[in-house]
Every structure is written in C-alpha cells, then in structure tokens.
Amino acid sequence: MRPCAARRPRPESFPEQPLQSLSGPAIPLGQTRQLPSGRDMRLSAYFLPVLKETPSEAQIVSHRLMLRAGMIRQASAGIYSWLPMGLRVLRKIEAIVREEQDRVGAQELLMPTVQSAELWRQSGRYDAYGPEMLRIRDRHEREMLYGPTNEEQITEIFRDLAKSYRDVPRMLYHIQWKFRDEVRPRFGVMRGREFLMKDAYSFDLTPEAARVSYYKMFVAYLRTFARMGLKAIPMQAETGPIGGDLSHEFIILAETGESRVFCHKAFLEKDPLAQEPDYEADLEPVFKDWTSHYAATEDVHDPAKAAELGDDLITARGIEVGQVFYFGTKYSKPMNATVAGPDGQPILLEMGSYGVGVSRLAGAIIEACHDDAGIIWPESVAPFKVGLVNLKSGDADTDAMCEKLYGELAAAGVEALYDDRDERAGSKFATMDLLGLPYQLVVGPKGLKDGVVEIKARATGARDTLSPEAAIARLTA
RNA sequence: CGGGGUGUAGCUCAGCCUGGUAGAGCGUCGGCUUUGGGAGCCGAAAGUCGUAGGUUCGAAUCCUAUCACCCCGACCA
C-alpha cells in the first residue's frame with residue numbers, strides 16, 4: 001500500500017524552499033528543488049495541460065477530447081505522445097487485455113519493433129507488403145523495418161525453439177508498438193501510423209486443434225471488450241493481406257465509426273460476461289451462438305440477406321477494435337516451421353493470429369462514451385475513479401475535509417485525482433466533466449456547514465448529498 | 001496516391017485582396033476584488049508571421065520553390 005498522501009506536506013508549507021516556476025530564481029548549488037511525488041495526484045502538481053478550446057486539427061470527437069483532456073499530443077502525422085492522463089488509460093486498457101489473454105492461456109513475451117528484412121523475405125511478404133511498411137537501413141546498410149505486425153518474427157521464434165509435438169499447442173502474445181505508414185493517418189489515435197497493438201499467435205498440430213484455439217481467443221475477445229464497457233460485435237471479415245480462411249472483426253457501434261455496419265439487434269442483448277468462461281469446455285456452441293446472427297461490414301454486406309431481418313436489422317457505423325484470423329500453414333510452410341510428431345516425422349504448424357488495437361481502443365471508447373461536456377469513462381478504464389473537487393481552495397475547513405477524504409480514498413486503494421487548485425467552482429466542474437472520471441466528490445463550504453458533501457455520477461449526472469463517511473463508504477465499496 | 005485547404009503568441013483566429021514599426025480573445029505570470037457550473041478590473045511576459053530564395057527603398061502581405069499539417073476519396077489494427 002502506498003503511503004497516505006494526506007500526510008505529505010502541501011506545497012506551500014515547504015518553508016525553506018517554496019515552489020517556484022521553472023524560470024524563477026536559481027536554486028543555490030547543493031540544494032534540490034522539491035518536486036511533487038509521482039504519486040501525488042493533486043491537480044496543482046499534476047502535468048495535465050487541459051485545453052479550453054478545440055485544436056483545429058482535430059475533427060472527430062475522441063481526438064478533440066483526448067487533446068482537450070491533456071491525454072495526448074501529436075508529434076507528427078499519425079504519431080502521438082501519451083501524456084500522463086492518456087497513459088493511465090492506455091495502461092488500464094492494456095491490463096484488461098493482458099488479464100484476458102492470460103486467462104485464456106496465452107503467454108506474454110515481448111518482441112522487438114525493429115525487424116530484419118531477411119525475416120520477411122522468408123515469408124515472401126517483404127516485397128508484398130508495399131509502402132505501408134516503414135523500411136530503414138542500419139549503419140551497415142542492412143535492410144531493416146519497423147514491424148507492422150509480427151507473424152514472421154513469432155514463427156521464427158517458435159520454429160527455432162519448439163521442436164516436439166509436446167511443445168504444442170501454445171498461444172503467445174505481446175503488446176508492442178507497430179508502425180504502418182498509412183497513406184492518410186487521421187482520427188487521432190484511431191488511425192495513427194504508430195499504434196500499440198496486442199497481437200497473439202496460436203500454434204497447433206491440426207486444423208481442428210487450431211479451430212479450438214480460435215474459439216478460445218474469440219471468447220476472450222468478447223470478454224475483453226465487454227469489460228471495457230463496449231458492445232463489440234463479431235462480424236465475418238475478409239482475411240486481407242494476412243491471409244487465411246476464417247476471420248472475424250470485432251466492431252463496436254459508434255456514431256462516428258469509420259464504416260457502415262449491419263447486424264441483428266439480438267447482439268445488443270448479449271452479455272459475454274454473464275457467465276465465467278470455461279476454456280477447457282467445448283466452445284463451439286458459444287462460437288456458433290455468436291456467429292449465427294447476421295452481422296456484416298459494408299465490404300461483405302449482403303442486402304438481400306439483411307432484408308430478411310426486417311425490423312431486427314440495425315444499420316449503424318462501426319469501429320474495428322480487434323480481428324482474429326486462422327490462417328493455417330500460410331507462414332509455417334514458407335518458413336518451414338515444423339515440430340517432430342510422435343513418429344518423428346515433421347508436422348507443419350497450424351497458426352492463427354489475433355489482434356487488439358490497444359491505442360485505438362482509447363479513442364474508440366471515447367467515441368462510444370461521451371457527451372457534450374466531455375468524456376464519460378467506463379470505470380474499468382478510467383484514469384482515476386474519483387475526482388475530488390475542492391470548491392474553495394484556501395478555506396480551512398474545506399481544505400481539511402478534502403485532505404481527509406483524499407487520504408481515506410488513497411488508503412482504501414481508490415484512485416482519486418484531487419483538484420486542489422485555486423480556481424472557481426464552475427471551472428473545476430467543467431474540467432472534471434471534460435476529464436470524465438466516473439465519480440466527482442464535491443466538497444464545499446456550503447455543504448460542510450450542514451455536514452455534507454456531494455457525489456456526482458458522471459455518466460448519469462445524478463447527484464447525491466450525503467455525509468463524508470457515507471461518501472467514502474460508497475466510493476470504496 | 002488523386003482532389004481540396006491551412007501554416008501569424010501555448011490555444012482559437014484577424015491582418016494579406018490594395019506592401020509602410022505585429023493584433024484580438026482565451027490561456028500564462030503579478031496585483032486587487034470575487035468565489036457552488038469555464039468571474040471582474042489593473043498590469044506584464046510571450047511571435048526570426050512554416051522554411052529558403054526572389055521582386056522592392058521597404059514583404060506577414062506580391063512571385064517561385066520547398067516543408068509540415070488538416071479535410072474528401074481510394075487503402076487500412
């Protein structure tokens with residue numbers, strides 16, 4: 001447990017070395033300026049460049065809100081820095097992805113971003129991939145590339161290190177930055193050139209076994225997106241340049257989605273989290289259940305088939321947040337990735353790959369969850385659970401109560417961002433609404449006179465007036 | 001890659017047509033007054049006008065080139 005933040009001195013109480021702006025008078029040699037702890041989540045000490053106005057380059061809502069809420073900063077076209085607030089969200093998304101991958105039995109590793117061209121020549125994709133691949137040369141004029149994906153790399157690893165049928169099946173994944181030199185990056189982190197992706201790879205002995213892996217990952221994906229508060233609908237997909245013959249895209253519905261999608265309204269009623277998954281059981285019925293209804297992107301849309309749904313048809317816009325592929329021996333064959341079978345004969349590995357757009361999800365979740373005032377984070381990915389709003393910084397009673405509540409939240413392990421700035425109430429409310437933390441704990445002198453504080457739920461706007469003790473009880477429940 | 005557009009203060013923009021000492025609002029910093037939904041007044045700091053050439057006595061403004069970014073389309077986790 002972290003030390004209780006409330007016991008830390010407030011900045012203005014540092015007697016010998018008051019905080020100054022970085023351009024202020026020089027600090028005498030031998031002295032170090034007191035810096036806020038990396039765990040001090042007081043807005044007065046936090047690096048959170050909130051923008052009141054919308055930067056002109058941002059057109060879609062998630063991009064605008066991410067810039068305004070101080071989550072990201074564009075470095076160049078399609079390439080972003082993640083500022084502290086944005087990184088917290090990215091890490092939350094990662095954590096959910098990681099938990100569900102681990103739960104399905106995938107094992108995490110980490111492969112490099114820079115790969116050798118030689119590797120890609122083995123699969124034949126070095127020439128096939130086109131200008132989307134960022135090609136670079138090292139000082140020895142060796143041809144390298146910044147990986148747009150990792151099939152070749154994982155296949156080489158598995159080929160060279162897994163020798164026996166006993167080493168199969170395995171599922172491996174990593175969460176690593178990718179680069180695809182999109183002709184036209186746009187929509188902020190939703191279509192960046194550099195993006196963070198979870199990519200998993202399955203290795204099996206037979207097509208039947210590979211299907212089992214595919215089903216497992218399919219279910220893991222349903223759970224992953226549901227835990228982020230998203231309705232992700234698996235849709236039949238074309239396999240594209242990665243190849244193979246079984247593939248689904250996971251699409252979330254959002255007004256600002258990139259493509260039109262069509263699906264049966266039954267999907268909206270389904271809840272992947274209704275029961276605990278049993279990955280040892282036969283998952284084909286689950287898979288069939290989720291793929292029996294019509295669901296198609298514009299590319300593969302069949303109007304005649306869709307028309308049969310009548311009133312059950314939903315026409316909407318969608319954002320792809322993940323895709324799963326079974327592609328058999330597409331890579332194992334050219335790269336000669338085999339293991340020895342029980343009879344000593346080599347068996348070509350049956351493979352699948354499974355991607356989740358981790359950085360894209362940050363934008364996609366905002367597209368799905370926002371209002372005019374700002375972001376509305378689902379609790380599972382919120383950068384903080386609670387925004388503690390001090391309505392009158394400098395008022396002794398209000399400050400004391402805020403410090404107490406902040407300390408109690410910290411002690412209970414509840415992530416809270418404390419707005420202790422000397423700002424007006426309206427400005428603080430607007431900032432909190434913009435940031436979109438699930439709960440605002442509002443403390444002001446008027447309420448304290450009656451011994452009460454206020455909790456506002458960001459999603460509904462509902463406010464409850466209650467005692468500080470009851471507020472803490474509710475927020476730490 | 002085709003088509004269109006924009007580069008002026010941290011952000012949003014005006015000024016350019018018709019060349020003559022760089023502007024506003026917001027934000028930032030200081031002061032006073034305020035204080036429950038983006039406060040008011042006073043003061044201050046802050047821009048080699050994307051870059052490089054050219055025309056001119058003089059260029060943010062006119063010309064040429066170039067770079068960057070954005071939008072529409074085709075392409076894509």
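Proteins come first, then strands; the chains are lettered A, B, ... in the order of their sequence lines, and each starts at number 1.
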message = What is the distance, to the nearest angstrom, from the CG atom on A:Asp420 to the P atom on B:U35?
response = 21 Å

task = For residues A:Trp177 and A:Phe195, establish whether the separation of their ring centroids is below 6.0 Å.
result = no

inquiry  = It should be established whether A:Lys52 places a side-chain nitrogen or oxygen under 4.0 Å from OP1 or OP2 of nucleotide B:G38.
reply    = no

message = Please determine whether a side-chain nitrogen or oxygen atom of A:Arg424 lies at a distance below 4.0 Å from atom OP1 or OP2 of B:G38.
response = no

message = Suppose you measure atom P in B:A59 against the same atom in B:G19; what distance do you get, rounded to whole Å?
response = 13 Å

key: Separation of atom CZ in A:Arg421 from atom P in B:U28, rounded to whole Å   = 9 Å

query = Do the two ring centres, one from A:Phe262 and one from A:His301, sit under 6.0 Å apart?
reply = yes

Spacing of A:Arg193 atom CZ relative to B:C69 atom C1', expressed in whole Å = 11 Å

ask   = Roughly how far apart, to the nearest Å, are B:G40 and B:U61 at atom C1'?
value = 38 Å

Integer angstrom distance from the C1' of B:A24 to that of B:G31 = 23 Å

request  = Considering just the side-chain nitrogens and oxygens of A:Gln74, establish if one lies under 4.0 Å of OP1 or OP2 belonging to B:C70.
outcome  = yes

key: Any N/O donor-acceptor pair, A:Thr431 side-chain to B:G38 base, under 3.5 Å   = yes

query = When only distance counts, do a donor and an acceptor, one from the side chain of A:Glu53 and one from the base of B:G25, lie under 3.5 Å apart?
reply = yes

Nearest-nucleotide 5' precedence on RNA chain B, A:Ala58 against A:Glu258 = A:Ala58

key: Complement of B:G30, any strand, by Watson-Crick or G-U distances under 3.5 angstrom   = B:C42

note = When rounded to whole Å, the CZ to P distance for the pair A:Arg184 and B:G3 reads 15 Å

request  = Report the nucleotide, chosen from B:C69, B:G36, B:C75, that has the shortest atom-to-atom distance to any side-chain atom of A:Glu182.
outcome  = B:C75

Short side-chain N/O contact to B:C13 OP1/OP2 from A:Ser56, under 4.0 Å = yes

message = Taking the six-membered ring for Trp, are A:His248 and A:Tyr354 closer than 6.0 Å centroid to centroid?
response = no

note = Taken to the nearest whole Å, NZ/A:Lys446 to P/B:U35 is 9 Å

request  = Would you state whether a donor and an acceptor, one from the side chain of A:Arg68 and one from the base of B:G10, lie under 3.5 Å apart?
outcome  = no

inquiry  = With a 4.0 Å cut-off on N to O distance, would you call A:Glu258 and A:Arg317 a salt bridge?
reply    = no

Whole-Å gap separating C1' (B:C70) and CZ (A:Phe187) = 12 Å

request  = Report the distance from atom CZ of A:Arg260 to atom C1' of B:G73, rounded to the nearest whole Å.
outcome  = 17 Å

Assigned partner base of B:G58, Watson-Crick or wobble definition, under 3.5 Å = none

message = Quick check: on RNA chain B, is the nucleotide nearest A:Ile60 upstream (toward 5') of the one nearest A:Asp433, or the reverse? Name the residue that is more 5'.
response = A:Asp433

message = Are A:Phe218 and A:Phe287 an aromatic pair, judged by ring center distance below 6.0 Å?
response = yes

query = Of the nucleotides B:G37, B:C1, B:U12, which one has an atom closest to the side chain of A:Pro55?
reply = B:U12

remark   = In whole angstroms, the gap separating C1' of B:G3 from CZ of A:Arg186 amounts to 14 Å

query = For the side chain of A:Ala77, counting heavy atoms from C-beta on, which of B:G38, B:C69, B:G36 is nearest?
reply = B:C69

key: A:Arg170 charged N/C atom sitting above A:Tyr201 aromatic ring, 6.0 Å / 45°   = no

